[in-house]
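Below: one structure, written as structure tokens.
Quick note on labels: first sequence line is chain A, next is B, and so on, each numbered from 1.
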2 protein chains.
Amino acid sequence: METLTIGELANRAGVGVETIRFYEREGLIAEPKRRPSGYRQYPTEAVRRVRFIRHAKELGFTLKEISELLSLRVDPERTCADVRQRARTKIESIEAKIESLAAMKVALERLAASCNGSGPTSECPILEELDREEDARA
Amino acid sequence: METLTIGELANRAGVGVETIRFYEREGLIAEPKRRPSGYRQYPTEAVRRVRFIRHAKELGFTLKEISELLSLRVDPERTCADVRQRARTKIESIEAKIESLAAMKVALERLAASCNGSGPTSECPILEELDREEDARA
DNA sequence: CTTGACTCCGTAGTACGGTACGGACTCTAT
DNA sequence: ATAGAGTCCGTACCGTACTACGGAGTCAAG
């Protein structure tokens with residue numbers, strides 16, 4: 001099976017070599033096999049994992065949350081109900097993110113549209129869209 | 001018109017007092033009027049602005065990006081085309097985020113569903129869903 | 001008119017997520 | 001055989017986004 005050096009992995013995944021070593025230290029990627037020289041040997045699937053980490057980070061997940069996401073799987077050690085439960089929780093937080101983003105998008109589209117209209121509009125139209133929840137608090 | 005102290009603002013927006021001062025220093029919120037004593041006096045709309053910042057951060061925007069979002073408006077100083085252009089760019093990055101999140105959601109739903117099935121499934125099903133773009137690079 | 005909570009300011013420290021350095025070793029190509 | 005690029009490791013440093021501290025002044029309730 002084809003294997004990659006740390007540099008090849010870093011390149012394909014779009015991060016630096018040092019970042020790979022950092023993720024390894026943090027437990028986000030498994031310690032790979034080594035050649036006799038000590039060089040790390042990665043399977044090609046590792047590229048996926050690193051890319052996933054990168055994407056998830058861009059979406060506002062912390063490395064801790066990402067490692068929780070990555071460790072979610074059907075696993076004889078954990079009950080089905082547990083896996084379901086954890087997945088549900090993550091799905092909900094993802095849905096909330098999607099909704100906030102959709103609201104921002106609407107606000108920006110409204111802004112772009114209002115442009116052709118008349119004079120200066122609201123002070124900052126993007127603010128108009130994003131409250132709703134938690135107005136109860138306070 | 002009702003005004004708020006920095007503590008009231010922080011409370012209603014769900015952040016700490018020091019965070020408000022920090023955002024002021026960073027130019028994310030305007031310097032407010034002061035009482036003769038020097039105490040800051042905020043209009044109630046400030047709550048919205050701070051909440052927006054908080055939400056946007058949770059969605060993976062940096063403070064720099066957030067300040068760009070906040071300064072987008074129909075403004076006699078800027079041409080209509082410019083505003084449109086900038087809004088378009090932001091909309092695109094938001095759409096990309098939404099798509100990644102939707103893919104993650106699908107992956108997690110598949111995971112939760114596969115649970116009832118038979119034995120352990122793929123090593124890490126969430127990875128199956130999230131590539132597509134950029135496979136060209138490398 | 002005091003007392004306790006709040007605010008002022010500047011500066012220092014923290015947590016997270018990398019990023020750089022440097023001296024030694026290894027690999028590949030010529 | 002050797003040069004040049006890549007890798008090893010530990011440790012130190014960096015930018016971002018807060019968070020805490022401390023000493024002085026302010027405010028509102030009793």
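- What separates NZ of A/Lys64 from P of C/dG17 is a distance of 10 Å, to the nearest Å.
- The separation between B/Ile20 atom CD1 and C/dC6 atom P is 15 Å, rounded to whole Å.
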Quiz: residues 87-96 of chain B side-chain donor-acceptor pairs under 3.5 angstrom, not counting sequence neighbours:
{"unit_1": "B/Thr89", "atom_1": "OG1", "unit_2": "B/Gln85", "atom_2": "O", "d": "3.0"}
{"unit_1": "B/Thr89", "atom_1": "OG1", "unit_2": "B/Gln85", "atom_2": "NE2", "d": "3.2"}
{"unit_1": "B/Lys90", "atom_1": "NZ", "unit_2": "B/Glu68", "atom_2": "OE1", "d": "2.7"}
{"unit_1": "B/Ser93", "atom_1": "OG", "unit_2": "B/Lys90", "atom_2": "O", "d": "3.2"}
{"unit_1": "B/Glu95", "atom_1": "OE2", "unit_2": "A/Lys105", "atom_2": "NZ", "d": "3.0"}

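- Residue B/Gln41 contributes atom CD, which lies 15 Å from atom C1' of C/dC6 at whole-angstrom precision.
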side-chain contact (heavy atoms from CB on, under 4.5 Å) for A/Val15 and A/Ile53? Distances and angles first, verdict last.
CA-CA 10 Å; A/Val15 303; A/Ile53 295 169; over 6 Å; no
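- Of the two residues contacting DNA chain D, namely B/Phe61 and B/Ser37, the nearest-nucleotide position lying further toward the 5' end is that of B/Phe61.
- Counting distance only, with no hydrogens placed and no angle test, the side-chain atoms of B/Tyr39 and the base atoms of C/dC6 include a donor-acceptor pair under 3.5 Å.
- Between A/Lys57 and C/dG18 there is a side-chain polar atom (N or O) within less than 4.0 angstrom of OP1 or OP2.
- Between A/Thr19 and C/dG18 there is no side-chain polar atom (N or O) within less than 4.0 angstrom of OP1 or OP2.
- What you find for A/Arg84 and B/Ala112 is that their closest heavy atoms are NH1-O, 3.4 Å.
- One interatomic measurement links the two molecules: CD of B/Glu24 to C1' of C/dT7, which rounds to 13 Å at whole-angstrom precision.
- Rounded to whole angstrom, the span from the CD1 atom of A/Ile29 across to the C1' atom of C/dG18 amounts to 13 Å.
- At least one donor-acceptor pair under 3.5 Å links the side chain of A/Lys97 to the backbone N or O of B/Glu58.
- Among C/dT7, C/dG17, C/dC9, the nucleotide with an atom closest to any side-chain atom of B/Val17 is C/dT7.
- Among the heavy atoms of the strands lying under 4.0 Å from A/Arg21 is at least one base atom, whether or not backbone atoms are also near.
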Apply the test side-chain contact (heavy atoms from CB on, under 4.5 Å) to residues B/Val17 and B/Ile20: give CA-CA distance (whole Å), side-chain angles for both, the deciding distance (0.1 Å), then the verdict.
CA-CA 5 Å; B/Val17 166; B/Ile20 303 289; 5.6 Å; no
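- Using a 4.0 Å heavy-atom cutoff across all strands shown, A/Arg35 reaches sugar-phosphate atoms only and no base atom.
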Candidate pair A/Thr62 and A/Glu65, rule side-chain contact (heavy atoms from CB on, under 4.5 Å), full reasoning:
CA-CA 5 Å; A/Thr62 64; A/Glu65 288 167 332; 3.4 Å; yes
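- Under the 4.5 Å side-chain criterion, counting only non-hydrogen atoms from C-beta, A/Met104 is in contact with B/Leu59.
- Residue B/Phe22 contributes atom CZ, which lies 15 Å from atom C1' of C/dG10 at whole-angstrom precision.
- When distances are taken from the side chain of A/Arg25 to each of C/dC9, C/dT19, C/dT26, the shortest belongs to C/dT19.
- Looking at heavy-atom distances under 4.0 Å, B/Gly16 makes no contact with the nucleic acid at all.
- Atom CD1 of A/Ile6 and atom C1' of C/dC27 are 16 Å apart (whole Å).
- Between the CD1 atom of A/Ile66 and the P atom of C/dG17 there is a distance of 8 Å, given to the nearest Å.
- Running 5' to 3' along DNA chain D, contacts with non-hydrogen atoms of chain A at under 4.0 Å begin and end at D/dG6 to D/dG10.
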